[in-house]
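Counting starts at 1 for both ligands and their atoms, following the listed order.
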Amino acid sequence: MPPSAISTDTTQRAATLDAFRRWGYLQAQLDPLGQYLQPAGVPELDLDNEFAAEARRIYCGTIGAEFMHIPDGERRAWVAQKLEAEPPQPNQPHILELLARADIFEQVIQSRYLGTKRFSLEGVTALIPFLDELLNRAAELGAQRSIMGMSHRGRLNVMVNTLGKSPIDIFAKFEDVDPRSILGGGDVKYHVGATGDFAARNGSTVALHLASNPSHLEAVDPVAMGRARAWQDRYGADGPDRVLPVIIHGDAAFAGQGIWAETMNLAGIDGYSVGGGIHIVVNNLIGFTAEPAESNSTRFSTDLAKRLAVPIFHVNAEDPAAVVRVAALAAEYRYAFRSDVVIDLIGYRRHGHSEVDDPTVTQPLRYARIKDHPPLFEIYAKQIGADASALSQQLHAEFADAQKKAASTRKKPVLVQMPDYWSRYHGGAWKPELEVDTGLPRERVHEIADQLASYPDGFHIHPKIKKLLEQRASMGRGQHAFDYGMAEAVAFGSLLLEGTPVRLSGQDSQRGTFNQRHSVLIDIENEQRWVPLNHLSADQAPFSVYNSILSEAGVLGFEYGYSRDCPEGLILWEAQFGDFANGAQIVIDQFIAAAEDKWGLLSGLVLLLPHGYEGQGPEHSSARVERYLQLAARDNIQIAQPSSAAQYFHLLRRQARRAWRKPLVVFTPKSMLRHPDAISPIDDFSRPRFLPVVPETEIQDAQRLLIASGKIGHELRMERAKHKDSRTGILFLDQFYPWPEAELSAAIAAHPSAREIVWVQEEPANMGGFGFVMPRLRRIAGDRQVLSVKRSAAASPATGSAKAHEMEQKTLIQLALGD
Ligand SMILES: Cc1ncc(C[n+]2csc(CCOP(=O)(O)OP(=O)(O)O)c2C)c(N)n1
């Protein structure tokens, strides 16, 4: 062949392959039932040359790969080379057995527990061989552990056929053997978590953790990622190799919910990366009763993931060899590039949404077809020319036997083995014996403060920060009272020196929204960074502070997850303003408040929520104290508003030093950060403990007692001083929950002449502590009168006018002080 013909051929081949690499997925055969995803018209693929057939076979078969949007040419070439290579020989008998196990497990439940919800995997049972190959390949590449998140669909199947849980334990859940032990708590069987061991073909074991999951679809995504990151940090530098995060999504949920997108945007960010996660969409082309066109605006439920530089592999779930090939490829890509990978595993749903629903009402034609469609293991057996009848009989007998055993057992199934590092911690009810001292000797405070104020020679410090550090050093010498910023830094520093890792993340948290933290110093000539809290001592624990992406749900979920696997650390999430936390309400309701009750799972996560009425309008005033108080029951969370810098210091140290692990919600100050009435003398850091109630000590035997929490209490004290009022006592309620009944009773009893107790709050009557505090105050007030001062009930938390705010605030204070 003359050289010019070769080069023409080469060019034509390259152009053909390029077109199919780009657009081939639009003509791939992806829907096993052939109803959806018909080949799209793509003029670029209307090629009639000798290379097109080969390119079509590769790119328009049962795998549709989207990867040409990835800017990095090396990655694109990697995927192309893998797909264009000869496919590996699959282990057919192994795949057949896995498929049969997956299908027959569901069939046995269907026959024994007819009418019970289980969210069958049938129609996408290829997930089981997919996970098997993924974990096997990952094990060969270094995985020792996998943190998995998934919702209802196929969860029980994954527990048995991937995590290796005994089917007896799963069937026992259907038998509901021990209802009394979980009255008022617990969760349904398709939400609970499980741990297990995966025996990989290379002889190693991969420990599996299937995270407990609420009904709220996709909410578990960041939690699983945070857990994976905590494990990776525990392992050190090779953590990302050793821990593989895997998240299994539903197609309608993936198209509709935003939290996975927040989570995937964390993937490449320093404080949150996990070396790549595997995202599998178990795509049955239906969401409850909604068809694809009702769930996503575009062709694929995965289309929104394409904004990221990650490959997306669509694969027809009825070609198990292709499914297993994609699984290996996904693991390899993740390990080669430390990148997320999305797999869209496309099948169908054999039954209704749950087995209680009749899908023939909403999708009669589709379900008429499904009725006659054989299970995948039978299709595969035919494909490979095997006879599966003996295997089928054996598995039916095996599962039926397990079901019989479950029906006769009274033993409560235990699905989770907690990691050893939880053995030192516990949850349950609060008791006074749980408390530990948190004070530090004056010299220790002094030492830490000095270190916090220092930076290397030659570091070009910003003049404002230089001044701040000088002020902090003088606070440490006891020459000035401590503000909150300094109190927090000393609390962190002391914990780090005691061996407690500290991790703080939130929007602009390194500097602090209110210019209060400055935990990272920045050289003004070269922008190099210096973190004083990481230079306290050679054997201190690590301090990590991250400016998070502008997300609440994703980031709070991540930090919650992190706290689940780092009980020894102080893990904090900070909202920019407290009310923004409502963007993460699902994480708060479903994990933070309820996880112990539902799943017996603990967390010591701290939420820092700036709160206070300062005339900045409806949106920046309230952290919605009332919402957390409504969630409080059975000692599930702690809710506090420290009234001084020292109280904040003791509260943070208490959270880390006790063995009691409970989420802590802290309403933090804004204008009060440096307020003269809220700063603390150095001696307050040496007193033993946090005070849930700060008693009135300046005034003896007051005639009236005001009880307040946070900023308004200081304003009342300032105004009282102006009036030289010596009749009115002011108590601070620094801890709302657990309700400090004994401390509050004692603080009130110290003023026997006070006939009137007045709860004062800035918030409107339908918000703040009012609804929670008043009945409890009445319970302990005896024959004293209990009154309240607050803004009138309102639909919006605060006025938009700074002047109106001032007028309201003045009236509130006058009313409270009885002027
Ligand atoms: C946030 C949220 N909204 C609504 C629901 C109710 N719901 C449960 S499953 C489901 C359909 C899910 O469809 P898909 O994601 O495709 O998963 P599939 O059940 O088909 O596997 C809906 C709407 C829910 N659990 N969570």
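Under 4.0 Å from any atom of ligand 1, one finds heavy atoms of residues His152, Arg153, Ser215, His216, Leu217, Gly250, Asp251, Ala252, Ala253, Gln257, Asn284, Ile286, Gly287, Phe288, His353.
Ring centroids of His216 and His191 are separated by 6.0 Å or more, keeping the two rings apart. The aromatic ring centroids of His351 and Tyr367 lie 6.0 Å or more from each other.
Judged by a 6.0 Å distance limit and a 45° cone about the ring axis, Lys117 is not positioned over the six-membered ring of Tyr190.
By the 30° and 60° cut-offs, the orientation of the rings of His249 relative to Trp260 is perpendicular. Under the 30°/60° scheme for interplanar angles, the aromatic rings of Trp231 and His209 are found to be tilted.
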Could you go through residues 313-322 and list every donor-acceptor pair under 3.5 Å that involves a side-chain atom there, pairing it with any protein atom two or more places apart or in another chain?
| residue | atom | partner | partner atom | Å |
| --- | --- | --- | --- | --- |
| His314 | ND1 | Asp344 | OD2 | 2.7 |
| His314 | NE2 | Glu66 | OE2 | 2.6 |
| Asn316 | OD1 | Glu318 | N | 2.8 |
| Asn316 | ND2 | Gln29 | O | 3.2 |
| Glu318 | OE1 | His373 | NE2 | 3.0 |
| Glu318 | OE2 | His373 | NE2 | 3.0 |
| Asp319 | OD1 | Ala321 | N | 3.4 |
| Asp319 | OD1 | Ala322 | N | 3.4 |
| Asp319 | OD2 | Thr62 | OG1 | 2.7 |

